[in-house]
Amino acid sequence: MVMENVTFAELAKERYSVRKYKSQPVEQSKLEKMLDTMRIAPTAGNRQPHRIRVITDAAELKMVDECTRCRFEAPLVFLVCYDKNAAWVRDKFDNAMSGDVDASIVTTFLMMQAQELGLGSCWVMFFDPAKTRELFALPENIVPVAFLPVGYPAEDAEPAPRHFERQALKDILF
């Protein structure tokens, strides 16, 4: 179900990591909406170092399965990476690179747009980076950060038990 006229907080509260999907493909119009939204994600210095591979082909989905056990049969997977040569660097202080953070922000935008469109997603960092680099022929400057399986949640999909656990603000704020 598409979630129209909801606040961001409502959208965020409804979202959970989907670990069981229907085989129904994601419509091209919804994919395009997700990609359009991803393009407006903020990145350090607006350098936009993220590089995304859209995976729907059966052979490539099997390649994802070789990299992680966490595709959960999703019909669409985003491989979210960043280009080390395009990422902003905090060179006046510690040379920290923005790529991981930028790719994470982009992944969040994809994830939340999927939720608004009635799709489920699951952020996956449990994957073999070397295998991912090899199977998807990633050049040395492209760093894989996450897989994001996306699709229609199965009828019996439900949040993991720990999904509802939240730390108290007093434990988070300092």
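Numbers here are sequence positions counted from 1.
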Could you go step by step and tell me if M34 and L119 meet the side-chain contact (heavy atoms from CB on, under 4.5 Å) rule?
-> CA-CA 11 Å; M34 292 176 68; L119 301 167; 4.0 Å; yes
Under the 3.5 angstrom rule, does the side chain of D102 hit a backbone N or O of A44 as a donor-acceptor pair?
-> yes
side-chain contact (heavy atoms from CB on, under 4.5 Å) between V54 and L35: does it pass, once the steps are laid out?
-> CA-CA 9 Å; V54 177; L35 295 174; 4.1 Å; yes
Checking R133 side chain against P139 main chain: does a donor-acceptor pair fall under 3.5 Å?
-> yes
Co-membership, hydrophobic cluster, residues L117 and V77, 4.5 Å side-chain | no
Heavy atoms, side chains only, cut-off 4.5 Å: are L110 and W123 in contact?
-> no
State, yes or no, whether a side-chain contact exists between E140 and K84 at a heavy-atom distance under 4.5 Å.
-> yes
Which value, rounded to the nearest 0.5 Å, describes the distance between E158 atom CD and Y16 atom OH?
-> 7.5 Å
Under a single-linkage definition using a 4.5 Å side-chain heavy-atom cutoff for Ile, Leu, Val, Met, Phe, Trp and Tyr, are V150 and F127 assigned to the same hydrophobic cluster?
-> no
Heavy-atom pair with the smallest gap, counting every atom of R47 and A87 = NH1-O, 4.1 Å
Rounded to the nearest 0.5 Å, the CD atom of E60 sits from the CG atom of D65 at a distance of 12.0 Å
Side-chain contact test, heavy atoms from C-beta onward, threshold under 4.5 Å: evaluate it for T43 versus S98 and give yes or no.
-> no
When every non-hydrogen atom of Y21 is compared with those of G120, the smallest separation belongs to CE2-O, 3.6 Å
At what distance, to the nearest 0.5 angstrom, does CD of Q113 lie from OG1 of T108?
-> 13.0 Å
Atom CZ of R162 with >12 non-hydrogen neighbours under 6.0 angstrom | no
Within-4.5 Å side-chain heavy-atom neighbours: R15 and S121 | yes
Nearest heavy-atom approach of D83 to N85 is OD1-N, 2.7 Å
Do L61 and I55 touch side chain to side chain, with heavy atoms closer than 4.5 Å?
-> yes
E116/K33 ion pair, N-O < 4.0 Å = no
K30 versus E32: any side-chain heavy-atom pair under 4.5 Å?
-> no
Check whether any side-chain heavy atom of R166 lies under 4.5 Å from a side-chain heavy atom of H163, and answer yes or no.
-> yes
Under 6.0 Å from the CZ atom of F164, do we count more than 12 heavy atoms belonging to anything else shown?
-> yes
Should V80 and F136 be counted in the same cluster of Ile, Leu, Val, Met, Phe, Trp and Tyr side chains packed under 4.5 Å apart?
-> no
Would you give the length of the straight line joining atom CE of M38 to atom NE2 of H50, rounded to the nearest 0.5 angstrom?
-> 5.0 Å
Approximate separation, where rounding is to 0.5 Å, of S17 OG and M111 CE | 7.5 Å
Q115 vs E14, side-chain contact (heavy atoms from CB on, under 4.5 Å): CA-CA, chis, key distance, verdict = CA-CA 8 Å; Q115 179 68 24; E14 288 294 317; 3.7 Å; yes
Shortest non-hydrogen contact from P42 to I105?
-> O-CG2, 3.5 Å
When clusters are formed by joining ILVMFWY residues with side-chain heavy atoms under 4.5 Å apart, either directly or through shared neighbours, do I52 and V26 land in the same one?
-> yes
Decide whether L76 and L148 are clustered together by the hydrophobic rule: side chain heavy atoms of Ile, Leu, Val, Met, Phe, Trp, Tyr closer than 4.5 Å, transitively.
-> yes
Do the non-hydrogen side-chain atoms of F109 and T107 ever get within less than 4.5 Å of each other?
-> no
Tell me, with the steps shown, if I142 and Y82 meet side-chain contact (heavy atoms from CB on, under 4.5 Å).
-> CA-CA 6 Å; I142 301 299; Y82 72 89; over 6 Å; no
Taking every non-hydrogen atom, the tightest pair across V145 and S104 | CG1-OG, 4.3 Å
Does NZ belonging to K22 count more than 12 external heavy atoms closer than 6.0 Å?
-> yes
Indicate the atoms forming the closest heavy-atom contact of C81 with P144, along with that distance.
-> SG-CA, 3.7 Å
Using atom types as modelled and distance alone, determine if a side-chain donor or acceptor of R51 lies under 3.5 Å from a backbone N or O of P49.
-> yes
Separation of Q48 CD from I40 CD1 (nearest 0.5 Å) | 11.0 Å
